[in-house]
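The block underneath contains the structure these notes are about, expressed in structure tokens.
No experiment lies behind these values; they were computed from the predicted model shown. Order of the sequence lines fixes the chain letters, A, B, ..., with proteins taken first and strands second; residue numbering starts at 1 for each chain. Heavy atoms only: backbone and side chains are in, while hydrogens, waters and symmetry mates are out.
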2 protein chains.
Amino acid sequence: MTTCIKCGNVENVVRSGFVRGKQRMFCKACNLYFTITPHNHLTTKKPHQTTIIDIAKVLGISPSTVSRALNNSTEINENTRQEILRVANELDYRPNFLAQSLNRGETHTIGVIIPDIQRPFFAGVVAGIQKVATEAGYRVMICQSNESHHTETLNVQALVTSRVDGLLISHSKETNSFEHVKLQLKKGLPIVHFDRVCNEVDTAKVIQEDFSGGFALIEHLISQGYKRIAILAGPADLLISKTRIDGYKAALEKHGIEVDEDLIYHSNFSKEESVKALDYWLSLPQKPDSIFTIHYANGIEMIMALKERNVRIPEEIGIVAFGDELIASLIEPSLTTFHQFPFKIGETAAGILIENIINKESFVPYTKVIEGELIIRKSSLKTNRKYNQQA
Amino acid sequence: MTTCIKCGNVENVVRSGFVRGKQRMFCKACNLYFTITPHNHLTTKKPHQTTIIDIAKVLGISPSTVSRALNNSTEINENTRQEILRVANELDYRPNFLAQSLNRGETHTIGVIIPDIQRPFFAGVVAGIQKVATEAGYRVMICQSNESHHTETLNVQALVTSRVDGLLISHSKETNSFEHVKLQLKKGLPIVHFDRVCNEVDTAKVIQEDFSGGFALIEHLISQGYKRIAILAGPADLLISKTRIDGYKAALEKHGIEVDEDLIYHSNFSKEESVKALDYWLSLPQKPDSIFTIHYANGIEMIMALKERNVRIPEEIGIVAFGDELIASLIEPSLTTFHQFPFKIGETAAGILIENIINKESFVPYTKVIEGELIIRKSSLKTNRKYNQQA
DNA sequence: GTCGTTTTCGGAAACGTTTCCGATAGTTTA
DNA sequence: TAAACTATCGGAAACGTTTCCGAAAACGAC
């Protein structure tokens, strides 16, 4: 009943199974297998983004010529170019970034991995990154690790899958192995660390004055007469935490104050841990007379908790914190901080990454330190003489 | 001197111009044009991300089989699949998102345009969007308009170039024409508006209780005995500003208070404008006894400015604001707000957009209102009886 | 007019993946 | 045991762009 699509023979055509639900035939005459398609439905051309092929068809020329016109090639007649640009504009042509990137082998996109976009510090960093990236013609793709090592690894893979040209990473507080980063670095992907960096990988880094910031805050406290200074640190593995502790210890040693391990508390930055640390300290026979939190938000929490417990600030306990946000100047009492400049950190990191991307072969990793600023406020001013001046 | 690359003839080869800097020859014997390339340099295979072709070569099979193995196709032998997966894992294969997207015609990426990532509200929205998008297997690409109409237009074009599957937009405060959105909508791009929506375009929208939020705040003020209520609004074109003013007016009318146009001030949300508005109001013969700012940050600024001017809050002037952040509860006096839920707004908007993307044909735009919550604090509590309760 | 030169364009390969369309060997059914 | 079927694979087209290579026409100088 079925005619062979090749020889037109009818008698020698037999059925030969199904392929993907469609009846398959075999023509013994011409030795041909073929399937029967219900009907080639009328090819409804869907509306789509216009392509250079569309433009070429309109003008009756070849796609390569259109491409040349759009890419400011010299190998094209000016009149032709104008015609092409006119039609392109008429059809609201937008180049297909996917095809371009696939062809060129670069996406002009950089990936950013941060713990949490909702933290003002990282929002500021992202804004700085976007500014520099946009100016340089790069897109930005942002991922949040939510402070999870596993999610961070997935983020890296997702961004590699997206074939980003480079990566900006601030590690989660959980991250203590860096294989996911090393692997991509080995494959030649430019990577720049910022803020929460790691020393085990040979990448460029943008960091803050973690050591000298801690040092400055503690020296300020000492200048105000505080002697038993507690520190609310971060996870033991976190490098910025370690470095800030080092600054803390160095300042104590310089002024002949012994380090008391009881006064060093490792937290996960959560409010619960802050309160727990505070209550622990207040229960000690020798209570601290001041507290340094390495995360600004914990400083705010400390002030709130101390007010609840009717402890006077700064008379009974002084507070200083690393990092500065608007809120630090508005709370009562206002909070002494070491101000970091997130926007600048973002700008710098993005700049270095793009430098790395462009000079892939010759780039030599280096570390850039963004200077911070000690901002003295009421929470640490026992004596009244040094308001808003560095100790 | 040159031998023809085809017939090997030497005598009949003549020079025939230059093409792209390379000497071009013509062989009169075999009628052939050809150029002379210095030397086909040794093909240095660069290290690259592994492709399915690499895998196929290793196993001596075809790329299509590898693709099938990786895509959980049924048309493949289980043993073959395992072998392929093993090699893929060994070579740390990551599918090339660009090639996949180009082939499938979808990127599984959604674009987000917001005015400023540094504003906590938008950071919260973005976090909500990312949560839902990630769970659904979508990537997110974020652009900031920096409150500029022009930048917003460029953002739309950039995202279209990136071939995002859909768009989430909160307009800049400058934006008063919506052609850039309409154009893409006409081309079939799913678009969902949130927060700063516009009524001129037929898209799905996620909005807050702008009207009833304003209404509730004003009714609360009235219940506290305030009668001359000023409002610091946004740009006259901004829809959310208009709607909140409508809520303000409706509440006044309900309680028989006449609307005084002197007490309506259109600002651009900047601190300077806030202070200007305040000083203007304070200079009036009939000063207001309370102020409603439609942007929470302006409320904070008002409190600071009033404290500087030694005006007592809430006794002389009460303050309420639309929007709530941590800072509102920490400032002295704490600020009465209408709390919006940015994270939820983001979640909802992303959910609707993905719904729109998946059911592109059958999707019918609708508007979803995210309920807010009146949070009464000290800045508006003249009488002391209704702390933390809705009026 | 001849010959080398320049300008301008078309064809085709390549980027990495998916998918359509067959093809083959082995397996079941009648 | 032949016919019908299933399982499994390869080849090639397609996605939209850039770019390499070559061709033709126009141009210039002698």
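Looking at B:T161, its side chain does come within 3.5 Å of a backbone N or O of B:Q157 through a donor-acceptor pair. A donor-acceptor pair under 3.5 Å links the side-chain atoms of B:N77 to the main chain of B:N79, judged by distance alone.
When the nucleotides D:dC21, C:dT18, C:dC20 are ranked by their closest atom to the side chain of A:R68, D:dC21 comes out on top. The side chain of B:N103 lies closest to C:dT18, out of D:dC9, C:dT18, D:dG10. For A:L102, whose side chain is taken as the heavy atoms from C-beta onward, the closest listed nucleotide among C:dC15, D:dT17, C:dG10 is C:dC15.
When rounded to the nearest whole Å, the span between NZ of A:K57 and P of C:dG10 equals 15 Å. Computed from coordinates, the B:H108 NE2 to C:dT18 C1' distance equals 13 Å when rounded to whole Å. Between the P atom of D:dT17 and the CD atom of A:Q49 lies a distance of 10 Å, rounded to the nearest Å. In this structure, the CG atom of B:D54 is 8 Å from the P atom of C:dT17, given to the nearest Å. Atom pair B:I76:CD1 and C:dT18:C1' shows a separation of 14 Å (rounding to whole Å applied). Taking atom CD1 of B:I53 as the reference point, atom C1' of C:dT18 lies 12 Å away to the nearest angstrom. In this structure, B:E106 atom CD and D:dG16 atom C1' are separated by 16 Å, rounded to whole Å. In this entry the distance linking CZ of B:R163 with P of D:dC15 reads 13 Å, nearest Å.
Every residue two or more places apart in sequence or in another chain that forms a salt bridge (charged side-chain N to carboxylate O under 4.0 Å, His left out) with B:E179 is listed here: B:K182. Residues forming a side-chain hydrogen bond (donor to acceptor under 3.5 Å, both in side chains) with B:T153 (at least two apart in sequence, or on another chain): none. In this structure B:T107 satisfies the side-chain hydrogen bond (donor to acceptor under 3.5 Å, both in side chains) test together with B:D165, sequence neighbours excluded. Qualifying salt bridge (charged side-chain N to carboxylate O under 4.0 Å, His left out) partners for B:R94, counting only residues two or more places apart in sequence or in other chains: B:D92. The salt bridge (charged side-chain N to carboxylate O under 4.0 Å, His left out) search around A:E90 returns A:R86, not counting sequence neighbours. A search for side-chain hydrogen bond (donor to acceptor under 3.5 Å, both in side chains) contacts involving B:E106 returns B:H108, not counting sequence neighbours. Evaluation of the side-chain hydrogen bond (donor to acceptor under 3.5 Å, both in side chains) rule for A:T151 yields A:S148 as partners, not counting sequence neighbours. Looking at residues two or more places apart in sequence or on another chain, you find no salt bridge (charged side-chain N to carboxylate O under 4.0 Å, His left out) involving A:R139. Residues meeting the side-chain contact (heavy atoms from CB on, under 4.5 Å) test with A:A158, sequence neighbours left out: none.
Residue contacts for A:I52: at a heavy-atom cut-off of 4.0 Å it reaches a base atom on one of the strands shown. Here A:S64 lies in heavy-atom contact (under 4.0 Å) with a base.
Contact annotation: A:S67 reaches the phosphate of D:dT18 (side-chain N/O to OP1 or OP2, under 4.0 Å). Remark: A:N77 is not in phosphate contact with C:dT7, judged by side-chain N or O atoms under 4.0 Å from OP1 or OP2. Between B:S62 and D:dG10 there is a side-chain N or O to OP1 or OP2 distance below 4.0 Å.
Within residues 87-101 of chain B, no residue places a heavy atom under 4.0 Å from DNA chain D. Contacts of residues 78-85 of chain A with DNA chain D (heavy atom under 4.0 Å): none.
Remark on the helix from C:dG1-D:dC30 to C:dA30-D:dT1: inter-end axis angle 40°, axes from five-pair C1' superpositions, rounded to 10°.
Separation of atoms OG1 (A:T80) and CZ (A:R68) is listed at 10.5 Å; rounding is to 0.5 Å.
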